[in-house]
Every structure is written in structure tokens, then in C-alpha cells.
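Below is one structure, written out as C-alpha cells, with a few remarks after it.
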Amino acid sequence: GENVEQHPSTLSVQEGDSAVIKCTYSDSASNYFPWYKQELGKRPQLIIDIRSNVGEKKDQRIAVTLNKTAKHFSLHITETQPEDSAVYFCALLTDSSYKLIFGSGTRLLVRP
Amino acid sequence: SQTIHQWPATLVQPVGSPLSLECTVEGTSNPNLYWYRQAAGRGLQLLFYSVGIGQISSEVPQNLSASRPQDRQFILSSKKLLLSDSGFYLCAWSAGGRTEAFFGQGTRLTVV
């Protein structure tokens with residue numbers, strides 16, 4: 001069945017540095033890979049997503065890469081800022097089941 | 001525009017009492033609906049999802065159940081709460097396929 005593993009569980013970076021979070025999955029039928037950001041006490045919100053027919057997508061300081069052969073996808077945040085501090089979740093979905101499952105989350109801390 | 005309502009925001013219930021959390025979506029039809037639970041500092045665990053009225057898929061049997069009596073209404077229930085049911089419960093909807101999921105504000109449940 002579908003499963004997604006996310007690493008690292010915590011990440012601390014200096015302001016201005018880059019942060020990378022990686023997720024691996026097992027179900028080759030997975031075809032939609034969103035990333036969510038959750039600030040303390042709030043609901044998760046989508047920050048970027050990628051579909052299986054694309055290898056990379058970028059939106060300003062945020063980018064996501066997908067390697068379907070190796071079954072992993074990564075979130076890249078460049079020029080990190082203190083307001084980037086939050087918990088980030090990867091997720092995936094397969095068209096056949098509509099089951100949207102999430103990784104275990106990465107707590108990102110950006111030190112001023 | 002579409003909106004999702006989830007209530008109550010907080011709930012304190014004694015062990016053995018029943019539970020009913022309600023989630024409604026406005027501004028769309030035939031949404032995919034999801035219930036997640038998030039333990040403190042942990043990831044999002046998929047509990048139930050539904051692709052249509054009366055169609056419920058269960059991921060975590062335990063002592064919880066879900067129902068979808070109307071197209072845009074999703075209810076999470078329990079007949080007898082356990083201490084381990086404490087957590088942050090999130091409802092979410094998506095338009096289906098490879099599209100963004102939107103979360104409700106969440107319900108923080110404390111079982112005492």
C-alpha cells in the first residue's frame with residue numbers, strides 16, 4: 001500500500017541558508033506530490049505541488065523535485081527567513097484511491 | 001468561493017463519553033473528504049476518507065467511525081472515547097484528482 005517516509009524530522013538552519021527536506025515512497029502508482037506548511041496551532045496549507053509528469057517546479061524561493069524512478073521527491077527552500085520556521089509535510093495521492101497520505105513532518109527552525 | 005467549516009474548535013470530554021465532530025464544505029459539489037488526527041508534535045494520520053455520499057474508507061479502525069449523510073457533510077464519531085483519542089482532528093476537502101486539499105480549522109480534543 002501507499003507509504004511515505006520523510007527526513008529529517010527536525011532541521012535547523014541559519015537565516016539565508018538553504019533547507020532541503022526529502023520524502024521517499026513505495027507505491028509507483030502515486031502521481032501527485034504536494035507539500036504543506038503548518039505553523040504552530042494552525043491548519044496545514046499548501047505551499048507547492050508537483051504532478052508525476054513533471055520533474056521540477058519552482059515558485060520564488062521554493063522548489064520541488066521529483067524522481068519517479070527512485071521514488072523520492074524533495075522540497076528546497078532557498079534564502080531562508082525566520083518566517084519559514086514551521087512544520088513541513090510532504091504528501092502523496094494516487095488517482096485510483098484518492099487517498100491523500102502525509103509524511104511524518106519536518107520541524108524547520110530558521111535562526112536569525 | 002469554497003469554504004470549509006469544522007466545529008467545535010476545542011472540546012474536553014470524559015473517558016467513555018460519545019463524540020461527534022462535524023465538517024461541512026460550501027461552494028463546491030461532490031468533494032473528496034478526509035479526516036486526519038494529529039497527536040502533539042506528530043504527523044497527520046489519515047483516519048477516513050470519502051469520495052461520495054455513503055462511501056467511507058477507513059484507514060484506522062479503532063473505536064472511531066465516520067459518516068457522510070450529505071454530499072458536503074462529513075461526521076467523525078465515537079461511542080466511547082479513550083484517553084488515546086486525544087489529539088488535533090482535522091477535516092479536509094479536495095476537488096478530486098491531483099488537486100490541493102484544504103483543511104478546516106481543526107478540533108483540539110482532550111479526553112480526561
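Proteins come first, then strands; the chains are lettered A, B, ... in the order of their sequence lines, and each starts at number 1.
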Quiz item: Same cluster for Ile21(A) and Val13(A) if Ile/Leu/Val/Met/Phe/Trp/Tyr side chains link at under 4.5 Å?
Solution: yes
Quiz item: For Glu83(A), does the CD atom sit with more than 12 other heavy atoms under 6.0 Å from it, leaving out its own atoms?
Solution: yes
Quiz prompt | ILVMFWY cluster, Val51(B) and Tyr32(A) together (side-chain gap under 4.5 Å) | solution = yes
Quiz item: Is Ile48(A) reachable from Val20(A) through a run of hydrophobic residues whose side-chain heavy atoms are each under 4.5 Å from the next?
Solution: no
Quiz prompt | Part of residues 68-88 of chain B lying next to chain A, heavy-atom separation under 4.5 Å | solution = Phe88(B)
Self-check item: Neighbour count above 12 (heavy atom, 6.0 Å) for Lys57(A) NZ
Solution: yes
Quiz item: Among Phe102(B), Tyr36(B), Phe103(B), which residue meets the side chain to side chain contact (heavy atoms under 4.5 Å, CB included) test with Pro44(A)?
Solution: Phe103(B)
Quiz item: If Ile, Leu, Val, Met, Phe, Trp and Tyr residues are connected whenever their side-chain heavy atoms lie under 4.5 Å apart, and connections chain through other members, are Tyr34(B) and Ile53(B) in the same group?
Solution: no
Quiz item: Above 12 or not: heavy atoms from other molecules or residues under 6.0 Å from CD of Gln2(B)?
Solution: yes
Quiz item: Who among Asp49(A), Asn31(A), Leu93(A) has the most heavy-atom pairs with chain B under 4.5 Å?
Solution: Asn31(A)
Quiz item: Arg43(A) and Gln6(B): side chain to side chain contact (heavy atoms under 4.5 Å, CB included), yes or no, with the steps?
Solution: CA-CA 11 Å; Arg43(A) 71 190 83 182; Gln6(B) 185 183 344; over 6 Å; no
Quiz item: What is the minimum heavy-atom distance between Leu46(B) and Ile101(A), and which atoms define it?
Solution: CD2-CG2, 4.1 Å
Self-check item: Structural part of Phe89(A) lying under 4.5 Å from a heavy atom of chain B
Solution: side chain
Quiz item: Out of Ser94(B), Gly104(B), Gly106(B), Ala92(B), which one racks up the most heavy-atom pairs below 4.5 Å with chain A?
Solution: Gly104(B)
Self-check item: Closest contact, heavy atoms only, Arg51(A) versus Thr99(B)
Solution: NH2-CA, 4.2 Å
Quiz item: Taking all atoms of both residues into account, what is the closest heavy-atom pair of Leu90(B) and Gln38(A), and its distance?
Solution: CD1-NE2, 4.4 Å
Exercise. Answer with yes or no whether the hydrophobic clustering places Trp7(B) together with Ile4(B); edges join I, L, V, M, F, W, Y residues whose side-chain heavy atoms lie under 4.5 Å apart.
Key: no
Quiz prompt | Region of Gln38(B) that comes under 4.5 Å of a non-hydrogen atom in chain A | solution = side chain
Quiz item: In terms of heavy-atom contacts, does CD of Glu79(A) have more than 12 from other residues, nucleotides or ligands at under 6.0 Å?
Solution: no
Quiz item: Measuring heavy-atom distances to chain A, does Leu44(B) have an atom under 4.5 Å in its side chain, in its backbone, in both, or in neither?
Solution: both
Quiz item: Which answer fits Phe33(A), side chain, backbone, both or neither, if we ask what part of it has an atom under 4.5 Å from a heavy atom of chain B?
Solution: neither
